[in-house]
Amino acid sequence: MDGRVWRLLGAVQLLFMAAIFAVCALLGGCDSQVELASGAATYMKCHWTFVACSVFAVAGFVIALVAQTAKEAQARCFLAVALIAVFAAIAYLPTPLGVGICASADMACHLAGYLTWGLCAAGIILAIIQAVKADPASAERPKMQL
């Protein structure tokens with residue numbers, strides 16, 4: 001893949017990470033607090049889920065930004081795989097196996113979860129394409145002939 005296409009795909013990955021951060025920061029989890037048995041109050045688990053997702057989105061943004069400047073195939077492939085790992089971690093956090101979101105389907109945090117999962121799915125597909133096509137010199141190599 002030549003440099004222009006690589007930078008274009010990297011810019012789309014930057015947009016995905018920025019969109020995930022915006023969804024987590026603006027829609028995010030519930031702002032209400034739950035009263036504990038001790039009388040203190042704390043935020044619900046969906047709040048902490050989307051705080052963690054925003055931290056991962058910032059890390060993914062930095063990885064995608066570094067990937068913009070990568071020239072060698074190994075570095076490009078490594079950064080694409082790192083993006084896949086960050087997208088997978090972000091998608092994992094809102095699930096019941098991760099931190100989770102509210103049990104009630106009427107809560108607003110479910111919309112943020114669905115948007116996050118959709119952006120992560122699109123980002124993973126794009127990162128797989130980047131990992132497969134990471135070699136910048138593949139277009140100049142001669143093709144096999146029969």
Side-chain angles (χ1 to χ4, degrees), residues 1-34 41-146:
M1 166 180 321
D2 68 343
R4 281 187 328 215
V5 176
W6 181 262
R7 285 189 299 276
L8 176 68
L9 293 179
V12 173
Q13 293 286 36
L14 287 170
L15 288 175
F16 283 158
M17 286 297 177
I20 289 172
F21 181 81
V23 165
C24 293
L26 299 176
L27 293 179
C30 304
D31 288 334
S32 59
Q33 294 188 348
V34 176
T42 187
Y43 288 106
M44 297 195 213
K45 67 180 179 178
C46 60
H47 170 80
W48 299 113
T49 297
F50 291 111
V51 166
C53 285
S54 7
V55 170
F56 275 99
V58 169
F61 189 86
V62 170
I63 292 170
L65 196 59
V66 170
Q68 291 278 30
T69 62
K71 302 277 189 241
E72 295 180 7
Q74 293 87 0
R76 286 181 171 189
C77 189
F78 174 78
L79 291 166
V81 170
L83 277 174
I84 292 170
V86 170
F87 279 122
I90 292 172
Y92 174 76
L93 284 170
T95 64
L97 296 175
V99 179
I101 53 179
C102 295
S104 173
D106 297 334
M107 302 298 279
C109 54
H110 282 270
L111 174 64
Y114 296 143
L115 290 172
T116 302
W117 288 323
L119 288 166
C120 285
I124 287 173
I125 291 169
L126 193 61
I128 289 171
I129 292 170
Q130 284 182 302
V132 170
K133 300 286 190 174
D135 191 4
S138 65
E140 289 90 33
R141 290 198 189 108
K143 306 294 183 237
M144 274 184 62
Q145 296 179 358
L146 295 174

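Since the structure is predicted, the reported quantities are computational estimates derived from the model, not experimental observations. In this chain, numbering begins with 1 at the start of the sequence shown.
Every residue meeting the side chain to side chain contact (heavy atoms under 4.5 Å, CB included) condition with Ala73, not counting sequence neighbours, appears here in chain and number order: Asp135, Pro136. Scanning for ring pair (Phe, Tyr, Trp, His ring centres under 6.0 Å) contacts around Phe78 gives an empty result, with sequence neighbours left out. Annotation: side chain to side chain contact (heavy atoms under 4.5 Å, CB included) contacts of Val5 (sequence neighbours excluded): Met1, Asp2, Leu9. Considering only residues two or more places apart in sequence or on other chains, His110 meets the ring pair (Phe, Tyr, Trp, His ring centres under 6.0 Å) condition with none of them. Applying the side chain to side chain contact (heavy atoms under 4.5 Å, CB included) criterion to Ile124, with sequence neighbours excluded, gives Phe87, Ile128. In this structure, the side chain to side chain contact (heavy atoms under 4.5 Å, CB included) partners of Leu111, at least two apart in sequence or on a different chain, are Leu27, Leu115.
For residues 50-72, the set of pairs meeting the side chain to side chain donor-acceptor pair (under 3.5 Å) definition, not counting sequence neighbours, is empty. Each side chain to side chain donor-acceptor pair (under 3.5 Å) pair with one or both residues in residues 12-27, not counting sequence neighbours, appears once here: Gln13-Gln130. Listed by first and then second residue, the salt bridge (charged side-chain N to carboxylate O under 4.0 Å, His left out) pairs involving residues 19-31 amount to none (not counting sequence neighbours).
Within the 4.5 Å cutoff, side-chain heavy atoms of Met17 are placed close to those of Leu83.
Distance CE/Met107 to SG/Cys46: 6.0 Å, rounded to 0.5 Å. One distance of note links OG1 of Thr49 with CD1 of Ile90; it measures 12.5 Å at 0.5 Å rounding. With values rounded to the nearest 0.5 angstrom, Ile20 atom CD1 is found 4.0 Å from Cys120 atom SG.
Considering every non-hydrogen atom in both Arg76 and Ala70, the closest pair reads NE-O, 3.2 Å. In this structure, Phe50 and Gly113 approach most closely via the heavy-atom pair CZ-N, 3.7 Å. Residues Cys30 and His47 share a closest heavy-atom pair of O-CB, 3.6 Å.
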Can you give me every donor-acceptor pair (side chain of residues 55-64, partner residue at least two apart or in another chain, under 3.5 Å) with its distance?
none

Listed pairs under 3.5 Å, donor-acceptor, residues 93-103 side chains, sequence neighbours left out:
| unit_1 | atom_1 | unit_2 | atom_2 | d |
| --- | --- | --- | --- | --- |
| Thr95 | OG1 | Tyr92 | O | 2.5 |
| Thr95 | OG1 | Gly98 | N | 3.3 |

